[in-house]
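Proteins get letters first, then strands, A, B, ... in listed order; numbering begins at 1 in each. Quick caveat: nothing in here was measured; it's all calculated off a predicted structure.
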2 protein chains.
Amino acid sequence: MEPNDCRNCEIRSLALFGEISSEGVDQFAEQTYQVQYPAGATIYEQGDKPEAAFTLREGIIKLVRNSGTDRSQIVRLLVKGDLMGIEGIFEEPYRQSAIALTPVRVCYLPLPMLDRMRTEEPRFTEALLGRWRRALNEVEELAVELGTRKAEERVAAFLLHWQEKAEHDDDNWMPFPLSRTELGQMLGLRVETVSRVLARWKREGIFEERSSRLRLLEPDCLDQLLAQGTETATAAHRE
Amino acid sequence: MEPNDCRNCEIRSLALFGEISSEGVDQFAEQTYQVQYPAGATIYEQGDKPEAAFTLREGIIKLVRNSGTDRSQIVRLLVKGDLMGIEGIFEEPYRQSAIALTPVRVCYLPLPMLDRMRTEEPRFTEALLGRWRRALNEVEELAVELGTRKAEERVAAFLLHWQEKAEHDDDNWMPFPLSRTELGQMLGLRVETVSRVLARWKREGIFEERSSRLRLLEPDCLDQLLAQGTETATAAHRE
DNA sequence: CGCACGGTTGAAACGAATCAACAGGAGTGG
DNA sequence: CCACTCCTGTTGATTCGTTTCAACCGTGCG
């Protein structure tokens with residue numbers, strides 16, 4: 001819990017400060033703190049009054065929206081460099097809960113500091129804009145999957161997207177910290193459905209899994225599966 | 001197709017310029033134009049290279065995302081004052097197609113002008129931020145509906161939300177310019193399913209419909225329907 | 001007048017949810 | 001150290017909801 005050296009942050013290029021001048025960063029750095037949470041911890045809860053936003057430095061976080069239903073929906077997965085909880089600068093309660101899927105390290109960015117940045121650093125607002133835009137894009141994509149694809153396709157699409165997004169190390173092994181239930185909460189499916197699909201694909205050698213990591217062996221297989229839903233779309237371009 | 005008097009625009013309080021000083025508005029006003037489109041017209045198409053953004057002055061527009069599938073997904077409905085196509089200022093192709101559901105009037109906001117505004121008017125970026133934030137919120141809500149609710153509930157939720165969003169005139173009649181097919185494209189359902197639900201509700205006197213307008217007679221009925229899915233959630237707050 | 005299109009309805013097929021049971025591993029307490 | 005429980009993943013059988021296929025109606029339009 002001590003002030004950061006944000007100027008030399010190893011993920012600064014990814015993070016919010018990456019888009020702000022080094023001198024600009026320095027004056028704010030001392031007001032931020034790094035915090036760690038174990039897997040399963042709640043960083044903040046939907047509906048709570050925000051006192052800070054967070055940059056994710058290490059680990060993976062799910063943003064969960066609870067809504068009326070007994071089923072909750074994961075609306076986004078965050079990886080290194082992602083920003084969360086920034087809705088606070090609009091005097092708005094947190095719109096989702098942020099829950100660690102792995103042990104995580106986050107930067108704690110107090111709201112008053114962010115408010116000052118917003119007025120003093122024009123680039124800051126620009127940076128936020130870019131983030132919000134990308135977030136919107138991701139959620140829209142999720143909505144499309146949920147609205148137009150069936151179970152198998154959703155799982156396939158997820159795995160392929162996730163491979164892009166998550167940092168797959170040396171030999172295509174990527175982190176896969178979601179339980180079957182959670183994957184279901186992301187894709188609008190029940191545990192059993194997810195389990196069946198994955199179990200079958202594992203048998204068929206389409207991917208392998210080891211201690212919360214996963215590797216696609218036949219990504220083309222999944223591509224094809226998605227392409228099948230597409231064939232009419234490529235031929236006739238209307239609907 | 002002649003320059004606007006944006007300063008005295010009757011919807012300025014809603015629109016993008018509402019958050020910018022009157023003097024600021026004037027210097028940009030002469031570069032904007034009003035354009036009309038008939039129902040069914042495409043204002044812009046997903047994937048195209050943007051040359052402008054648009055403010056919707058009158059009418060209703062759907063934002064449609066085409067994705068791989070043969071089914072397309074409506075990701076948002078726009079009403080008076082809403083902004084669309086602003087992703088252009090990031091050198092990004094349009095992410096959805098914008099299609100008029102009714103005859104519409106829009107303001108044409110050329111990209112070069114918006115670029116200048118972005119650098120010269122700090123409040124402009126702020127204004128965008130607010131809009132992006134609200135859009136994200138809406139799409140997240142859509143994703144939750146798609147992921148967690150079944151057909152009937154989705155339709156009910158839509159009608160209730162739409163009543164909030166659309167301007168219901170004197171006696172609760174609201175515009176309802178969507179075909180059953182389109183409502184299906186919004187809610188991830190097929191025409192027949194939507195039709196069945198609505199037809200039944202109409203028989204049961206839950207709402208009435210007249211020439212693209214609709215009035216809820218028993219909104220409480222729909223509320224209850226949504227609440228049923230909720231009961232476990234209010235009792236036990238986890239899942 | 002005939003045709004196309006949007007909405008409606010029925011019957012059958014299909015996909016996913018639900019219910020139920022079990023296996024394996026982690027953690028606990030005797 | 002073993003017995004027990006709890007939790008996650010798996011699998012099967014059944015039920016339920018939605019899609020699909022098909023037919024029909026009414027309306028607007030060429």
Side-chain angles (χ1 to χ4, degrees), chain A residues 38-40 62 69-73 101-102 145-158 176-204 206-214 225 228-229 231-232 238-239, chain B residues 38-40 62 69-73 99 101-102 145-158 176-204 206-214 225 228-229 232 238-239:
Chain A
K62 62 173 175 178
T69 334
D70 56 344
R71 310 189 181 177
S72 48
Q73 176 72 33
L101 291 177
T102 66
E145 308 280 302
L146 292 174
T148 65
R149 308 204 116 116
K150 50 184 63 166
E152 247 194 357
E153 299 170 336
R154 287 185 216 170
V155 180
F158 171 82
F176 187 69
L178 295 154
S179 70
R180 312 286 138 146
T181 305
E182 285 168 323
L183 190 48
Q185 288 173 339
M186 173 124 213
L187 302 178
L189 302 169
R190 312 254 83 201
V191 205
E192 297 93 329
T193 309
V194 175
S195 178
R196 272 184 251 270
V197 172
L198 289 183
R200 178 157 48 78
W201 287 353
K202 203 185 286 188
R203 271 195 299 274
E204 293 173 356
I206 292 180
F207 75 94
E208 44 180 348
E209 203 181 10
R210 247 177 37 207
S211 63
S212 297
R213 315 211 104 225
L214 184 152
L225 203 150
Q228 281 180 356
E231 62 213 3
T232 17
R238 66 201 88 94
E239 144 73 352
Chain B
K62 61 173 174 178
T69 333
D70 56 344
R71 310 189 182 176
S72 48
Q73 176 72 34
I99 298 173
L101 292 178
T102 66
E145 308 279 304
L146 292 174
T148 66
R149 309 203 115 119
K150 51 184 63 166
E152 247 194 356
E153 298 170 337
R154 288 186 216 169
V155 180
F158 171 83
F176 187 69
L178 295 155
S179 70
R180 313 287 138 145
T181 305
E182 285 168 323
L183 190 48
Q185 287 173 339
M186 174 122 211
L187 302 179
L189 303 168
R190 312 255 82 202
V191 205
E192 297 93 330
T193 309
V194 175
S195 177
R196 273 184 251 270
V197 172
L198 288 183
R200 179 158 47 78
W201 287 354
K202 203 186 284 188
R203 271 194 299 275
E204 294 172 355
I206 292 180
F207 75 94
E208 44 179 348
E209 203 181 9
R210 247 177 38 205
S211 65
S212 297
R213 315 211 103 225
L214 184 153
L225 203 149
Q228 281 180 357
T232 16
R238 68 199 88 91
E239 151 67 351

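Of the inter-residue distances, the one linking A:Ser195 atom OG with A:Lys202 atom NZ reads 8.5 Å to the nearest 0.5 angstrom. Atom CZ of residue B:Phe176 and atom OG1 of residue B:Thr102 lie 13.5 Å apart, to the nearest 0.5 angstrom.
Protein atom CH2 of A:Trp201 is 17 Å distant from nucleotide atom C1' of D:dT10, rounded to whole Å. For A:Glu153 and C:dA16, the CD to P distance is 9 Å, given to the nearest whole Å. The separation between A:Leu146 atom CG and C:dG15 atom C1' is 16 Å, rounded to whole Å. Protein atom CG of B:Leu198 is 10 Å distant from nucleotide atom C1' of C:dG7, rounded to whole Å. Nucleotide C:dG7 holds its P atom 18 Å from the CZ atom of B:Arg200, rounded to whole Å. The interatomic distance linking A:Arg180 (CZ) with C:dA17 (C1') rounds to 18 Å, in whole Å.
Here A:Ser195 reaches the OP1 or OP2 of D:dT10: one of its side-chain N or O atoms lies under 4.0 Å away.
Side chain of B:Gln73 to main chain of B:Met186: a donor-acceptor pair is present (N/O by atom type, distance under 3.5 Å, no hydrogens or angles).
B:Arg154 is listed as a side-chain neighbour of B:Leu146, based on a closest heavy-atom distance under 4.5 Å. Proximity of A:Arg71 to A:Arg190: side-chain heavy atoms (C-beta onward) are separated by under 4.5 Å at one or more points. A heavy-atom distance below 4.5 Å is found between the side chains of B:Leu178 and B:Phe158. Contact of the B:Glu152 side chain with the B:Trp201 side chain is registered, since non-hydrogen atoms from C-beta on lie closer than 4.5 Å. Counting heavy atoms from C-beta outward, B:Val197 and B:Leu189 have side chains that stay 4.5 Å or more apart.
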| Which letter, B, S or -, goes with each nucleotide of nucleotides 16-24 of chain D from 5' to 3', with contact meaning a protein heavy atom under 4.0 Å? | --SBBB---
| query | For every nucleotide of nucleotides 25-30 of chain D, 5' to 3': is a protein heavy atom under 4.0 Å from its base (B), only from its sugar-phosphate (S), or from neither (-)? | reply | ------
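Minimum atom distance to the side chain of B:Ser179 is reached by C:dG6, of the listed C:dG6, C:dT8, D:dG9.
Among the atoms of the strands shown, only primed sugar atoms or phosphate atoms (P, OP1, OP2) are found under 4.0 Å from some heavy atom of A:Arg203.
Taking 4.0 Å as the cut-off between side-chain N and carboxylate O, B:Glu209 and B:Arg180 count as a salt-bridged pair.
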